[in-house]
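First up is the structure itself, then whatever we jot down about it.
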Amino acid sequence: MKNKFIIVYTIFASIGFLFAISFFGLNLYKEYSYTSLNTDKKFNNITGELTYAAKDPNLNTKILINKLNDSVGSLNDFSFLSISINDVELIKFPGNSNQKDTSSKFTKSYETYIQTEVGKFHICANIYLLKPSSVFYYAKISFLIVLIITLLTVVLIIYENVNESKSELLVNNSVDLNDEDTDADEESSNIKEADNSTAATEETVIEETNIQEKNEVPVSEENTDNKAEETTAENIETQNDTPAPETEVKLPSEEEKPLAIDNSDNPTGLFNPVTGLGWEQYLFTRLESEINRAIASEIDFSLFVIEIVDVERTSETFKNVCNYLSLQFQFKDLLFEYKDDCIIAMKINMNLDEALNLADKVYASIKNIIENKACYIGISTRSIRMVSGERLLKEATEALVHAKDDKDSPIIAFRVDEEKYRQFLEQNNKA
């Protein structure tokens, strides 16, 4: 019965281990086969959504990012994803990585450019053919199966060892009892031989009686010993092995959450419904945010202050100017009202020379729209500096004042001496 049980259990344990390995391998193969057929579809869905969204006349950064999130879905499907427009990043996951470092045999790489009416999109992606979350899930189940069988095997081994120890103890006790019985038999045999050699007299009879009484004493002692040994065996059999409590295995179950977009709006809205520009009360918050992002990404940032004289904000002419600036600066949420007759415009990843070229083009177009009324533009750029939004706006405003004073140049830019600024930083670092 014991050998039969061991054979049955060995077969059961072997089947359990084979099932765990097969479960892990087959599910990963099915996951790999299914995902490899859908990576192209997922990437094409993103590019198609971008192309369609770019045709929306009311498109802004917030709407675009919401549509991108819908088309991208779960970021757990990507080891790398970067979507930018005109070199301005809209989405990047993970934050501090690049496409080459996140590429592997279990990912498929994509890269494309899409030219639209609002700008040129650049999309890079590494899509998992086999997601780490899937590997973890199937490995967890296989590990639990193997763990349960292993623990059960250990418990059975301990149980069998305890039973073998009990059996050896009982065998040793039985051997000791047999030895004592043999000694008693030899003693009785010697006494009987002595009785046969003596005469059949009364004294001999009495002597034999005494001898028989003496022989009864070891028999009773033998019974006492047997009872003591039986009691010891029973005590041994009543001992129970307390199995060690199984350690609960805690495995992580939380996955990486996708990018969260804050959809909460101010009750008054982000934009003035008359001009389509952002409210001035949101200017400094957005300006600081964009400058910090430019500093973190080590890219340039240009700020334009455009003043249009003698044109009412509620007029159709001012609306035409706002619509034109929305096209030139691509996103409405980079344009803000400022004071009574000014417009603030931000341009990411643009140096001072490029900003001056853009300002010349914008100035000429605005002059045609406002029928040659006065227009002035002040410009300031971050360059290599770690500058605050308040400081940058002050520089651009001062440049605007100089532009109004100079009749020959309606466009003035605040230029920083980068070499002197580097020397200033080096001196501060040494100090």
Side-chain angles (χ1 to χ4, degrees), residues 26-138 253-265 270 293 297 299 326-327 329-334 348-349:
L26 290 175
N27 280 285
L28 289 185
Y29 175 77
K30 289 171 61 178
E31 179 83 7
Y32 183 91
S33 301
Y34 175 80
T35 308
S36 60
L37 296 175
N38 288 274
T39 53
D40 292 340
K41 181 179 179 181
K42 190 173 189 65
F43 185 79
N44 292 335
N45 184 41
I46 297 173
T47 57
E49 186 66 26
L50 277 178
T51 304
Y52 177 77
K55 298 178 181 180
D56 187 356
N58 297 320
L59 181 68
N60 57 42
T61 304
K62 183 178 178 181
I63 295 175
L64 180 60
I65 292 179
N66 285 336
K67 291 188 176 181
L68 282 176
N69 282 336
D70 292 338
S71 62
V72 168
S74 175
L75 288 175
N76 292 327
D77 296 335
F78 299 85
S79 66
F80 177 82
L81 177 63
S82 175
I83 301 177
S84 60
I85 178 170
N86 296 331
D87 298 329
V88 178
E89 289 181 352
L90 298 175
I91 292 178
K92 186 174 182 182
F93 174 82
N96 299 322
S97 63
N98 56 58
Q99 186 177 21
K100 184 178 180 181
D101 293 340
T102 56
S103 178
S104 68
K105 294 181 180 180
F106 299 105
T107 62
K108 190 172 183 180
S109 300
Y110 296 89
E111 184 176 9
T112 188
Y113 292 87
I114 302 175
Q115 185 66 47
T116 65
E117 296 177 359
V118 297
K120 187 177 183 180
F121 287 95
H122 181 206
I123 307 173
C124 297
N126 289 336
I127 303 179
Y128 280 120
L129 296 173
L130 190 60
K131 294 187 289 186
S133 58
S134 299
V135 176
F136 172 79
Y137 174 76
Y138 295 122
S253 59
E254 293 186 358
E255 300 179 349
E256 293 188 358
K257 298 180 181 179
L259 287 175
I261 303 299
D262 186 4
N263 293 324
S264 60
D265 292 336
L270 295 175
R293 196 172 89 174
S297 302
I299 60 177
S326 297
L327 294 176
F329 289 88
Q330 297 176 349
F331 298 106
K332 282 186 176 182
D333 49 1
L334 296 179
I348 302 171
N349 200 21

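These numbers were taken from a predicted model, which means no experiment stands behind them.
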Next item on the list: Please identify each residue that fulfils ring-ring contact (aromatic ring centres under 6.0 Å, His included) with Phe78, with sequence neighbours left out.
Entry: none
Item checked: Pairwise side-chain contact, Phe121 with Thr112, heavy-atom cut-off 4.5 Å (strictly under) -> no
Next item on the list: Tell me, please, which residues at least two apart from Ser33 pass side chain to side chain contact (heavy atoms under 4.5 Å, CB included).
Entry: Tyr29
Check: Quick one: does Ile114's side chain get under 4.5 Å of Ile123's, heavy atoms only?
Finding: yes
Next item on the list: Would you check if the side chain of Tyr110 reaches a backbone N or O of Asp40 as a donor-acceptor pair within less than 3.5 Å?
Entry: yes
Next item on the list: Identify the two heavy atoms, one from Lys105 and one from Tyr32, that lie closest to each other, and give their separation to 0.1 Å.
Entry: O-OH, 4.5 Å
Note to self: I'd like to check Asp333 versus Leu270 (side-chain heavy atoms, cut-off strictly below 4.5 Å). Are they in contact?
What the structure shows: no
Check: What is the minimum heavy-atom distance between Asn76 and Lys131, and which atoms define it?
Finding: O-CD, 3.7 Å
Note to self: Return the CZ to OH distance between Phe106 and Tyr128, rounded to the nearest 0.5 Å.
What the structure shows: 11.5 Å
Margin query: For Val72, is there any backbone N or O sitting under 3.5 Å from a side-chain donor or acceptor partner on Lys42?
Written below: yes
Checklist line | Taking every non-hydrogen atom, the tightest pair across Leu81 and Ala125 | finding: CD1-CB, 3.9 Å
Next item on the list: Of all the heavy-atom pairs spanning Ser109 and Ser103, show the shortest one and how long it is.
Entry: OG-OG, 3.7 Å
Next item on the list: Please round to the nearest 0.5 Å and tell me the distance separating atom CG of Asn44 and atom NZ of Lys41.
Entry: 10.5 Å
Note to self: Does Tyr138 have more than 12 heavy atoms from other residues, nucleotides or ligands lying within 6.0 Å of its OH?
What the structure shows: yes
Margin query: What's the separation between atom CG in Leu129 and atom OG in Ser104, rounded to the nearest 0.5 Å?
Written below: 8.0 Å
Check: What's the spacing between Thr39 OG1 and Asp77 CG if we round to 0.5 Å?
Finding: 10.5 Å
Next item on the list: For residues Cys124 and Phe80, report the shortest heavy-atom separation together with the two atoms involved.
Entry: CB-CE2, 4.0 Å
Next item on the list: Could you grab the distance from atom OG1 of Thr107 to atom CG of Leu130, nearest 0.5 Å is fine?
Entry: 11.0 Å
Next item on the list: Report the distance from atom CD1 of Ile85 to atom CD1 of Ile348, rounding to the nearest 0.5 Å.
Entry: 10.5 Å
